[in-house]
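Right, one structure below, let's go through it.
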Amino acid sequence: MKNQQVAEILEKMADLLEFKGEMPFKIAAYRKASRTINDLTEDIEKIWQEGRLAEIPGVGKSLQGKIDQFLAEGKIRQLDELLEQVPRDIFELLSIQNFGPKSVALAYKKLGVETLDDLEKVLDDGSLATLPGMGAKKVENIRKGLELRKTAGSRISIGIALPIVEKVISYIKEKAGSKIGRISPAGSVRRSRETVHDIDILAETDHGGEVIEIFTHMPRVTQVLGAGDTKGSVVLDDRFQVDLRAVKSESYGAAQQYFTGSKDHNVHLREIAKKNGYKINEYGIYKGEDKIGGEDEKDIYRLLKMSWIPPELRENRGEIEAALENALPELVTVQDIKSDLHIHSTFSDGQLTVEEMAEQVRSMGYSFMAFCDHSKYAVYANGLDEKRLLQEILEIRQLNEKYDDFVVLTGSEVDILPDGSLDFSDEILAQLDFVVASIHSAFKTDPTMRTLAAMENKYVDVIAHPTGRLISRREGFSPDMDKVIEKAAQTGTALEVNSYWDRLDLSDIHVKKAVEHGVKISINTDSHNPHHLSMMALGVGNARRGWAKKSDVINAMTLDELRAWQKRSNEK
DNA sequence: GCCGTTTTCGGCCCGACTGTTTTCAGTCG
């Protein structure tokens, strides 16, 4: 899949054109096409080979030509030409807050600023401040932007962001008391994106200035980027940017809609509003001069004659069209989840014994679970050989006698070996209630073939963390997901959404593609200690972003339904 | 650069904030 590469290249071209001062709408066209291609569930190379590039919304004659060039020759001539006319570190420079394309161009032209080091120099020696339009404050803001980039450059994982959101909200609630009403996350946190750039929080209040004051004086604030009556912006621990917006009750819903985004979703929504004689902004929805809604977010969608759209879907990936036809999927919810089917114990590398961990899982309110400890090939994870696996089975059977409201399934996270075979024989696997299979080694040794081979086994219920990515650390082993999904559909194997914050594997796009092909999803926490169990919400958020319905998710099944679904049940 | 049940040309979402401005450009979300 070269979708991401094509998207990145178009985004880069947009940056370069912006630097060169091209028409804003032209630049927007590149960015829009970039995002559309990044979000496609179909392989762009396949679309290209079949001559269907023109079918991609936002891709016209000119962009078709460029994409064609990239896929045929591996590069775009115009991009190479553009790169010769700009500062060496153009993309890094443009990523600095308060240092936009006009300022970068000015610094480049007048002072020869090509790199981040160059920028630091002209900040320090005062030469940047001598340029036209560069006053002391502006220069200072650029310096702040540069510093922020050093410490807070990369995106924040959702699993890191959510606890911060909770802490900030409870702090403000405590200090502001009755001065605030509703308060909630907005932005990409509310949309449950796997990583976020900054953290947006919205508060309902008539005392904006005071609430912002409380916010900017929180503990752990290391920098105040801005503070007014409606907006405050701070950096926590030199790392996390958090924005708080304070709005009045009558606009809370409109502000929630507006600040939740995504930008593309909002743009499309406002286009539709405009066509129908409405106007939407962060204060409300208007018909002519009259404000006709905005206190509740649902007002806006209702007045535009569409269903309310869950935040996780708001990426302009077809959700608005679906909402207009009242055809949005009924997304899986945390309440639908009846089991966690990938849990570790001290038999392999978990921190609690089978009994202790089972108690913790039971306290989550589920009706059943499966222990899937590592198999012997995973030596580093204290993987079980056949003998110890049989011990674990025995221990779980004894444990089950204690419960009448909870069932513990025996299972394994069996390694898919470099040759595509499994780490346990069928005779062993047949004794287990549930099997997840996964790759933990030799990432470069044909991961696609190995995954496909594993799915052919009738005892393999789920492929765990199918791409092996770690969001903050590595890309994963990039199996051909088209083939994996096809085989999963054909064999009736489920694909996992691993809920651990650094995995979230499958990604949202892959989930969407899988459910489009009728593949079942298994949302598991892969918990190694009780703290991991609450990450189920992240996995469910990711599945929702992939348009997964309750009926797509095997963890929403009852135990009887799960047993009926398993491949081994269908063999006579 | 894209797009069209008003248009093949002339539109393209909307607003806030900041700073350096004498009426507005740049940046951001």
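Proteins get letters first, then strands, A, B, ... in listed order; numbering begins at 1 in each. What you see below is based on every heavy atom in this structure, not just the backbone, and it leaves out hydrogens, waters and symmetry mates.
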Inset, instruction - Could I get the full list of ring-ring contact (aromatic ring centres under 6.0 Å, His included) partners for A:His465, not counting sequence neighbours? - result: A:His440
Legend entry - Pairwise C1' distance for B:dC14 and B:dT22, with rounding to whole Å: 26 Å
Legend entry - Inter-nucleotide C1' distance (B:dT7, B:dG11), Å rounded: 9 Å
Inset, instruction - Would you mind reading off the distance between A:Met134 atom CE and B:dA25 atom P, rounded to a whole angstrom? - result: 16 Å
Legend entry - Proximity to DNA chain B (any heavy atom under 4.0 Å), residues of residues 9-29 of chain A only: A:Met23, A:Phe25, A:Lys26, A:Ala29
Inset, instruction - Search all heavy atoms of A:Ser499 against all heavy atoms of A:Ile523 and return the closest pair with its distance. - result: OG-CG2, 3.6 Å
Inset, instruction - Assign A:Lys279 to base, sugar-phosphate, or nothing according to its heavy-atom contacts below 4.0 angstrom with the strands shown. - result: sugar-phosphate
Inset, instruction - Calculate the interatomic distance between A:Asn266 atom CG and B:dC14 atom C1'; express it in whole Å. - result: 10 Å
Legend entry - Euclidean distance for C1', B:dG26 against B:dT21 (whole angstrom): 12 Å
Legend entry - Whole-Å P distance, B:dC9 and B:dA16: 36 Å
Legend entry - Any side-chain donor near an acceptor of the partner, A:Glu204 and A:Ser249, under 3.5 Å: yes
Inset, instruction - In whole angstrom, give me the gap between the C1' atoms of B:dA25 and B:dT20. - result: 10 Å
Legend entry - Length of the CD-P vector between A:Glu271 and B:dG4, whole Å: 11 Å
Legend entry - Spacing between A:Arg245 atom CZ and B:dG15 atom C1', to the nearest angstrom: 11 Å
Inset, instruction - Report the residue (A:Lys263 or A:Gly58) whose heavy-atom-nearest nucleotide on DNA chain B is the more 5′ of the two. - result: A:Gly58
Legend entry - side-chain N/O A:Asn281 vs B:dG15 OP1/OP2, d < 4.0 Å: yes
Legend entry - Pairwise C1' distance, B:dG19 and B:dT23 [rounded to whole Å]: 14 Å
Legend entry - Residue whose closest nucleotide on DNA chain B lies nearer the 5' end, A:Ala54 versus A:Lys102: A:Ala54
Inset, instruction - Give a yes or no on whether A:Lys179 atom NZ has more than 12 heavy-atom contacts from other residues, nucleotides or ligands under 6.0 Å away. - result: no
Legend entry - Shortest non-hydrogen contact from A:Pro311 toward A:Thr260: CB-CG2, 4.2 Å
Legend entry - Heavy atoms of other groups near A:Lys12 NZ, more than 12 under 6.0 Å: no
Legend entry - Interatomic distance at C1', B:dT8 relative to B:dC3, whole Å: 9 Å
Legend entry - B:dC28 phosphate, OP1 or OP2, under 4.0 Å from A:Lys231 side-chain N/O: no
Inset, instruction - Rounded off to whole Å, could you give me the CD1-to-P distance for the A:Ile285 and B:dG15 pair? - result: 13 Å
Inset, instruction - Using the C1' atoms only, state how far B:dC12 lies from B:dC17, rounded to an integer number of Å. - result: 24 Å
